[in-house]
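Presented below is the structure to which this report refers.
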Amino acid sequence: AKLGFSIEQDTMNAIKTNAYLIRRVSKERIFTEFAKAVTSKYRNNAFHSLSSSGLWEEIFSCVQNKIITMYGSCFDISCSLASFFILTNTAHNEINTTMLDLKTSNALRRDVLHLSDSYNLFLNKIPESDYEKRCFASFVQKQYLNAFFDVLLTIGSPYYSLKQEYGKLTDYPLSIKELAINGNDLSAIGYSGEKIKEMLNQALDNVLKNPDNNTKEKLICFAKKQL
């Protein structure tokens, strides 16, 4: 699949007959080879071969066997895997189980799950207002925004056209770390323990509603009113 070759019919028949033997191969090796296929420009051929050879069921017991098509030229492993699971309608728990079974790294599993969850959140309710768009961008996180839109491109989503609009949102504060106040500021006016965390989340929501509220004076005033 990585080189674009097709499989001769007699060879394919032999693969179908002996697909179960792949159980003898280490999960790490299987993932290494699948990663090469899913990040290849011939990956759609690979999906077709996996689907029709009997290997799919042996490798992906939690993933629906269906012929899928990926688009674009993003071959990043996280984006490609997230796209694969999205196109096969694989739920969060099944993605987690599959990646644990294939013994992928924790970091890769985290990134793929986050991109998949972000897509499902986006699709569940397409953000319309500026506030909703900033809330969604906050959930995705700035460092994942480009990857998220690479996924949209790869799965052929028309919402990829929103990439430029969402890119501008990175000019706004989207996380607690970007707030003009921190836990020490809240502690100084009487907050403690879990109340600090709760107030920081409320302060972020306040800023997502109106980015102009992200000044120390305004946020301290906001926090004092909640005491």
Side-chain angles (χ1 to χ4, degrees), residues 1-120 122-123 144 146-161 163:
K2 189 176 182 181
L3 299 175
F5 295 149
S6 59
I7 301 175
E8 192 269 337
Q9 190 57 50
D10 287 343
T11 303
M12 176 60 80
N13 291 338
I15 293 174
K16 291 179 180 179
T17 300
N18 297 285
Y20 71 96
L21 293 176
I22 201 170
R23 301 172 196 170
R24 300 178 184 178
V25 181
S26 71
K27 298 295 186 180
E28 293 89 345
R29 179 61 188 220
I30 290 174
F31 177 71
T32 296
E33 296 305 317
F34 179 68
K36 291 177 183 177
V38 80
T39 56
S40 162
K41 63 180 180 179
Y42 300 108
R43 56 192 173 190
N44 291 326
N45 293 344
F47 300 143
H48 185 277
S49 295
L50 281 171
S51 178
S52 59
S53 66
L55 290 172
W56 187 297
E57 288 80 5
E58 297 293 343
I59 299 173
F60 305 114
S61 59
C62 296
V63 181
Q64 178 186 0
N65 184 345
K66 59 183 297 189
I67 296 177
I68 61 176
T69 301
M70 290 188 185
Y71 304 91
S73 57
C74 175
F75 301 107
D76 171 79
I77 185 62
S78 298
C79 294
S80 297
L81 285 174
S83 300
F84 170 76
F85 288 122
I86 289 169
L87 289 170
T88 53
N89 303 313
T90 308
H92 178 101
N93 289 341
E94 283 66 37
I95 295 174
N96 190 54
T97 298
T98 299
M99 297 192 73
L100 285 172
D101 184 54
L102 292 175
K103 302 186 184 302
T104 64
S105 70
N106 290 334
L108 179 59
R109 180 162 52 91
R110 176 203 63 209
D111 290 351
V112 171
L113 284 168
H114 182 64
L115 289 170
S116 176
D117 289 344
S118 297
Y119 175 76
N120 289 328
F122 181 82
L123 209 61
Y144 287 101
N146 280 334
F148 173 75
F149 280 96
D150 284 341
V151 168
L152 293 187
L153 174 64
T154 303
I155 65 175
S157 170
Y159 293 110
Y160 174 74
S161 61
K163 181 177 181 178

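Computation of the quantities below employed the complete heavy-atom set of this structure, encompassing side-chain atoms and omitting hydrogens, waters and symmetry-equivalent molecules. Index from 1, following the sequence.
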Side chain proximity check, [X] to [Y], heavy atoms < 4.5 angstrom:
{"X": "Tyr20", "Y": "Leu55", "value": "no"}
{"X": "Cys62", "Y": "Thr90", "value": "no"}
{"X": "Thr154", "Y": "Phe149", "value": "no"}
{"X": "Phe85", "Y": "Val63", "value": "yes"}

[atom1]/[X]: more than 12 non-hydrogen atoms of other groups inside 6.0 Å:
{"X": "Lys16", "atom1": "NZ", "result": "yes"}
{"X": "His114", "atom1": "NE2", "result": "yes"}
{"X": "Arg29", "atom1": "CZ", "result": "no"}
{"X": "Tyr159", "atom1": "OH", "result": "no"}

In Å and rounded to the nearest 0.5 Å, what is the [atom1] to [atom2] distance from [X] to [Y]?
{"X": "Leu87", "Y": "Met70", "atom1": "CG", "atom2": "CE", "value": "5.5 Å"}
{"X": "Leu102", "Y": "Arg109", "atom1": "CG", "atom2": "CZ", "value": "11.5 Å"}
{"X": "Arg24", "Y": "Ile30", "atom1": "CZ", "atom2": "CD1", "value": "12.5 Å"}
{"X": "Ser73", "Y": "Leu153", "atom1": "OG", "atom2": "CG", "value": "7.0 Å"}
{"X": "Ile77", "Y": "Ser105", "atom1": "CD1", "atom2": "OG", "value": "9.5 Å"}
{"X": "Ile155", "Y": "Ile86", "atom1": "CD1", "atom2": "CD1", "value": "5.0 Å"}

Looking at [Y], is its backbone amide N or carbonyl O close enough to the side chain of [X] to form a donor-acceptor pair, meaning the two atoms are under 3.5 Å apart?
{"X": "Thr104", "Y": "Met99", "value": "yes"}
{"X": "Ser116", "Y": "Val112", "value": "no"}
{"X": "Ser83", "Y": "Cys79", "value": "yes"}
{"X": "Asn18", "Y": "Leu21", "value": "no"}
{"X": "Asn96", "Y": "His92", "value": "no"}

(request) Could you give me the CA-CA distance, side-chain angles and deciding distance for Phe84 and Phe60, then say whether ring-ring contact (aromatic ring centres under 6.0 Å, His included) is met? (result) CA-CA 12 Å; Phe84 170 76; Phe60 305 114; 5.3 Å; yes
What's the shortest heavy-atom distance between [X] and [Y], and which atoms?
{"X": "Leu115", "Y": "Ala82", "value": "CB-CB, 3.8 Å"}
{"X": "Ala19", "Y": "Glu58", "value": "O-CG, 3.7 Å"}
{"X": "Trp56", "Y": "Lys66", "value": "CH2-O, 3.5 Å"}
{"X": "Ser161", "Y": "Pro158", "value": "OG-O, 3.0 Å"}

(request) Tell me, please, which residues at least two apart from Thr32 pass side-chain contact (heavy atoms from CB on, under 4.5 Å). (result)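 For Thr32, the residues satisfying side-chain contact (heavy atoms from CB on, under 4.5 Å) (neighbours in sequence not counted) are Lys36.
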(message) Quick one about Asn65 and Ser51 (side-chain donor to acceptor, distance below 3.5 Å, no hydrogens or angles considered), yes or no?
(response)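 Result is yes, a qualifying pair exists.
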(message) Within the 3.5 Å criterion, strictly below it, is a donor on Tyr160 or Asp150 matched to an acceptor on the partner's side chain?
(response)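 No, no side-chain donor-acceptor pair sits under 3.5 Å.
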(request) Begin from the C-alpha positions of Lys163 and Asn146 and carry the test side chain to side chain contact (heavy atoms under 4.5 Å, CB included) through to its verdict. (result) CA-CA 8 Å; Lys163 181 177 181 178; Asn146 280 334; 3.7 Å; yes
(message) Tell me whether the rings of Phe34 and Phe47 are parallel (<30°), tilted (30 to 60°) or perpendicular (>60°).
(response)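 It falls in the tilted class, 30° to 60°.
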(request) Mind running ring-ring contact (aromatic ring centres under 6.0 Å, His included) on Tyr119 and Phe148 for me, showing each step along the way? (result) CA-CA 8 Å; Tyr119 175 76; Phe148 173 75; 7.0 Å; no
(request) Go through Lys41 and Phe75 one step at a time and tell me if the side chain to side chain contact (heavy atoms under 4.5 Å, CB included) criterion holds. (result) CA-CA 8 Å; Lys41 63 180 180 179; Phe75 301 107; 3.9 Å; yes
